[in-house]
Every structure is written in C-alpha cells, then in structure tokens.
Number of protein chains: 2
Amino acid sequence: MRIGDAAAAAGTTPRALRFYEQNGLLPPPRRTATGQREYGHRDVARVRVIRTLLSLGLTVADLRDCGDRLDLLEDDALPPYGGPGACSRPSGVAERRLAALDAEITRLTRLRERLAARVGAQAQGVSDRSRS
Amino acid sequence: MRIGDAAAAAGTTPRALRFYEQNGLLPPPRRTATGQREYGHRDVARVRVIRTLLSLGLTVADLRDCGDRLDLLEDDALPPYGGPGACSRPSGVAERRLAALDAEITRLTRLRERLAARVGAQAQGVSDRSRS
DNA sequence: CTTGCCTTTGACGCATGGGTCAAGGGTTAG
DNA sequence: CTAACCCTTGACCCATGCGTCAAAGGCAAG
C-alpha cells in the first residue's frame with residue numbers, strides 16, 4: 001500500500017501522513033527500492049487513532065509525548081475506569097490537555113462576561129447552553 | 001511626542017503602535033520634517049482603548065471594521081443600554097465577537113466532555129467553575 | 001516509448017499580535 | 001563633534017495542522 005491509498009483508507013491525505021511521520025506520531029514506514037513509502041493495515045489503524053485523538057483536542061506535541069504508547073488512549077484499549085490502578089495513562093497527557101481545556105474555557109468565559117457587560121445584558125446563557 | 005514616549009504612555013511598545021497603524025486601527029500620525037511620527041494625547045487615549053478592546057477578545061479585524069467609531073465601544077461612551085435605540089453599536093462587531101466566543105466556548109466544552117469520557121469521570125466541574 | 005497519475009523532498013502560506021534583528025539616519029547632551 | 005540613544009522601513013520568528021506549489025523521479029497501461 002503506498003501513501004495515497006493508505007491516506008485514503010485512513011480518511012486523510014498523503015500530506016497529513018508525511019506530517020505525522022515528520023512529527024514523530026507515525027513510525028517511518030519501510031520503503032520500496034525506489035524510496036516510496038509502504039504502509040500496512042497497522043499503520044492505517046494508527047493513523048485513525050491519531051486523527052481521533054487530534055479531533056479530541058489533543059495536540060501533535062501531546063501525541064508525540066505519548067511515544068509508542070499512543071494506543072493506550074485508543075477507543076477500546078481500556079474501559080474509562082477499571083479500578084484503583086487503571087488511572088495510569090501515558091504521561092498524564094490527557095489530563096494535562098483536560099486542564100488546558102479547562103483553563104481556556106474559563107478564560108473565554110470570563111472574556112465573554114466582560115464583553116457582554118459592555119454590549120448590554122442580553123444573552124447570558126452560554127454556560128447553560130454549554131451544558132446542553 | 002515621538003513613538004517611544006507615546007508607546008510608554010499607553011503602556012505598550014513602538015512596534016505595537018506601528019502595527020496598529022499598519023492595520024488601520026490607528027490613524028497615520030503627522031510626521032516631523034525628517035519623517036518621525038508625532039503623537040498627541042488623543043492618540044495615546046485611542047491606543048489605550050484599542051488595548052482594552054483587544055484584551056476583551058476583540059480582534060484586530062473587528063476593530064478595523066469599526067473604523068473611526070472605535071470610541072463608541074469605549075468605557076464611558078454610553079451606558080450599557082440607554083433605551084430603545086441605544087443598541088446601534090458600530091457594525092454589530094461586539095455582538096459578532098460575542099457569538100464567536102459563545103461558539104468557541106461551546107466547542108471546547110464539548111471537546112472537554114468527550115476527552116473526559118475517555119480519561120475517566122473525574123473533574124466534571126468546568127461549567128460550574130466557569131460560573132465562578 | 002509515451003502518457004498520466006503517484007510519489008519524493010523542500011519551502012512557503014494561513015491567522016494572531018506583535019517580538020526581534022538589521023541597516024541606516026535623526027536627535028540631543030556633553 | 002561625537003557618543004548614545006531613538007527612529008525609520010523591511011523582513012523573518014513564534015505555534016497549529018496541515019494545504020498547496022514546485023521540481024523531479026516512479027509506475028502501470030496502451
């Protein structure tokens with residue numbers, strides 16, 4: 001499988017695959033004699049995991065910090081909480097990202113409040129709407 | 001008053017003033033015979049307003065869209081709601097930014113929920129904390 | 001062999017709000 | 001006059017996740 005097909009199979013582009021490789025998210029695949037990248041099903045699966053985690057708000061740096069244990073964050077790897085030892089997620093990456101998300105949400109919410117105070121008192125229901 | 005003093009008076013840097021000028025937030029000031037920018041108190045005041053509005057989450061583009069009526073968003077310009085006509089804020093810039101903030105907050109909150117669902121069920125209190 | 005699509009690497013673009021450096025000229029105190 | 005600091009414009013830098021273009025070579029079908 002060359003890069004175009006692998007990318008299509010994973011629902012993305014060749015550019016993205018090379019980008020992941022350059023940034024240490026994807027191990028360098030073997031090459032054909034002429035230097036073209038050759039991927040297998042495992043690679044495609046890993047790319048899917050990468051995309052899922054990125055879409056969850058993790059950054060490239062987060063996933064790079066995970067190293068090869070990226071899979072530990074995967075969908076079916078572990079149930080959310082398996083008992084008093086299952087919390088040992090790789091590097092606490094997800095926890096750090098959660099904290100960063102919390103900080104950003106708090107910052108934006110404060111901003112919204114201050115801006116709203118100037119514009120007028122309409123539409124204060126952000127927090128409520130965010131609870132959906 | 002040359003750029004360095006004006007910048008200091010407004011609590012920022014010469015670079016920022018030139019940046020604001022290039023981006024249409026600050027009118028081009030008159031120049032000395034040798035081309036150096038000359039600022040007055042009005043300019044300094046305007047820079048302060050610009051910085052306040054930027055710190056409130058408005059973008060440079062927002063303020064540019066406001067044109068010269070930037071002052072209408074200023075602290076003491078109008079009381080928040082002066083009656084059935086006072087809502088006519090310049091270009092609805094603030095309202096649009098408010099909506100954008102809401103959208104971003106909602107997006108991040110959803111992200112947080114999804115990420116938290118993977119990591120475990122701890123620390124769900126973002127919305128609550130954001131209510132402060 | 002040729003055509004046409006696929007792949008390679010490298011480099012620039014985007015949006016944000018300036019920071020920082022460079023090369024050259026102004027200004028002012030001593 | 002000169003040192004020392006200020007100002008001028010222009011251009012590259014930061015982080016993010018790739019998109020896009022470019023030049024050049026690979027690969028399979030006709």
Side-chain angles (χ1 to χ4, degrees), chain A residues 1-26 28-39 43 47-66 70 93 96-97 100-101 103-104 107-108 111, chain B residues 1-26 28-39 43 47-66 70 93 96-97 100-101 103-104 107-108 111:
Chain A
M1 217 183 193
R2 285 182 305 172
I3 198 172
D5 296 332
T12 183
T13 67
R15 178 68 177 102
L17 264 58
R18 294 190 198 104
F19 177 79
Y20 297 151
E21 182 183 336
Q22 274 195 343
N23 286 280
L25 306 191
L26 204 52
R30 52 197 162 83
R31 306 283 189 122
T32 66
T34 57
Q36 309 209 358
R37 292 173 178 81
E38 270 287 323
Y39 295 94
D43 300 306
V47 171
R48 287 220 189 87
V49 174
I50 291 171
R51 308 218 89 219
T52 300
L53 294 175
L54 285 179
S55 78
L56 280 175
L58 298 182
T59 69
V60 169
D62 288 336
L63 301 191
R64 189 171 41 225
D65 293 345
C66 268
L70 225 179
V93 165
R96 285 205 302 266
R97 182 51 47 187
L101 274 176
E104 183 68 4
R107 193 180 70 82
L108 290 184
L111 231 52
Chain B
M1 212 181 197
R2 286 182 304 174
I3 199 171
D5 296 331
T12 184
T13 67
R15 176 69 174 99
L17 264 57
R18 295 190 199 104
F19 177 78
Y20 297 152
E21 181 184 336
Q22 276 195 341
N23 287 280
L25 306 191
L26 205 52
R30 51 198 163 83
R31 305 284 188 122
T32 66
T34 56
Q36 308 207 3
R37 291 174 178 80
E38 269 288 323
Y39 294 95
D43 299 308
V47 172
R48 288 222 190 85
V49 175
I50 289 171
R51 306 218 91 216
T52 301
L53 294 174
L54 285 179
S55 78
L56 279 175
L58 297 182
T59 68
V60 170
D62 287 337
L63 301 191
R64 189 171 41 226
D65 292 347
C66 267
L70 224 180
V93 165
R96 284 205 303 266
R97 181 52 45 186
L101 275 176
E104 184 67 3
R107 193 180 70 83
L108 290 184
L111 231 52

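Only heavy atoms go into these numbers, but all of them, side chains included; no hydrogens, no water, no symmetry mates. All chains are named by letter (A, B, ...) in the order of the sequence lines, taking the proteins before the strands, and each is independently numbered beginning at 1.
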| task | Dump the intermediate steps for side-chain contact (heavy atoms from CB on, under 4.5 Å) on B/R2 and B/R37, then the final yes or no. | result | CA-CA 6 Å; B/R2 286 182 304 174; B/R37 291 174 178 80; over 6 Å; no
| message | Assess the residue pair A/V60 and A/F19 against the criterion (side-chain contact (heavy atoms from CB on, under 4.5 Å)); give the C-alpha distance rounded to whole Å, side-chain angles, the decisive distance to 0.1 Å, and a yes or no. | response | CA-CA 10 Å; A/V60 169; A/F19 177 79; 3.9 Å; yes
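Applying the side-chain hydrogen bond (donor to acceptor under 3.5 Å, both in side chains) criterion to B/E38, with sequence neighbours excluded, gives no partner residue. For A/R18, the side-chain hydrogen bond (donor to acceptor under 3.5 Å, both in side chains) test picks out no residue, with sequence neighbours left out.
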Check: residues 3-16 of chain A side-chain donor-acceptor pairs under 3.5 Å, at least two apart:
from  : atom 1 : to    : atom 2 : distance (Å)
A/T13 : OG1    : A/A16 : N      : 3.2

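For the helix from C/dC1-D/dG30 to C/dG30-D/dC1, the rotation axes defined at the first and last 5 base pairs enclose an angle of 40°, given to the nearest 10°.
Atom CG of A/L53 sits about 10.0 Å away from atom CG of A/L25, to the nearest 0.5 Å. To the nearest 0.5 Å, the span separating CZ on B/R107 from CG on A/L101 amounts to 9.0 Å. Atom CG of A/L63 is separated from atom CG of A/L26 by 11.5 Å, given to the nearest 0.5 angstrom. In this structure, A/L58 CG and A/I50 CD1 are separated by 11.5 Å, a value rounded to the nearest 0.5 Å. Residue A/R97 holds its CZ atom at 12.0 Å from CG of A/L56, rounded to the nearest 0.5 Å.
The outermost nucleotides of DNA chain C lying under 4.0 Å from heavy atoms of chain B, listed 5' to 3', are C/dG17 to C/dT27.
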| task | Indicate for each nucleotide in nucleotides 9-25 of chain D, in 5' to 3' sequence, whether protein heavy atoms under 4.0 Å reach the base (B), only the sugar-phosphate (S), or nothing (-). | result | B-B-----BBBB-----
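Nearest-nucleotide mapping onto DNA chain D: of A/T32 and B/I3, the residue sitting toward the 5' end is B/I3.
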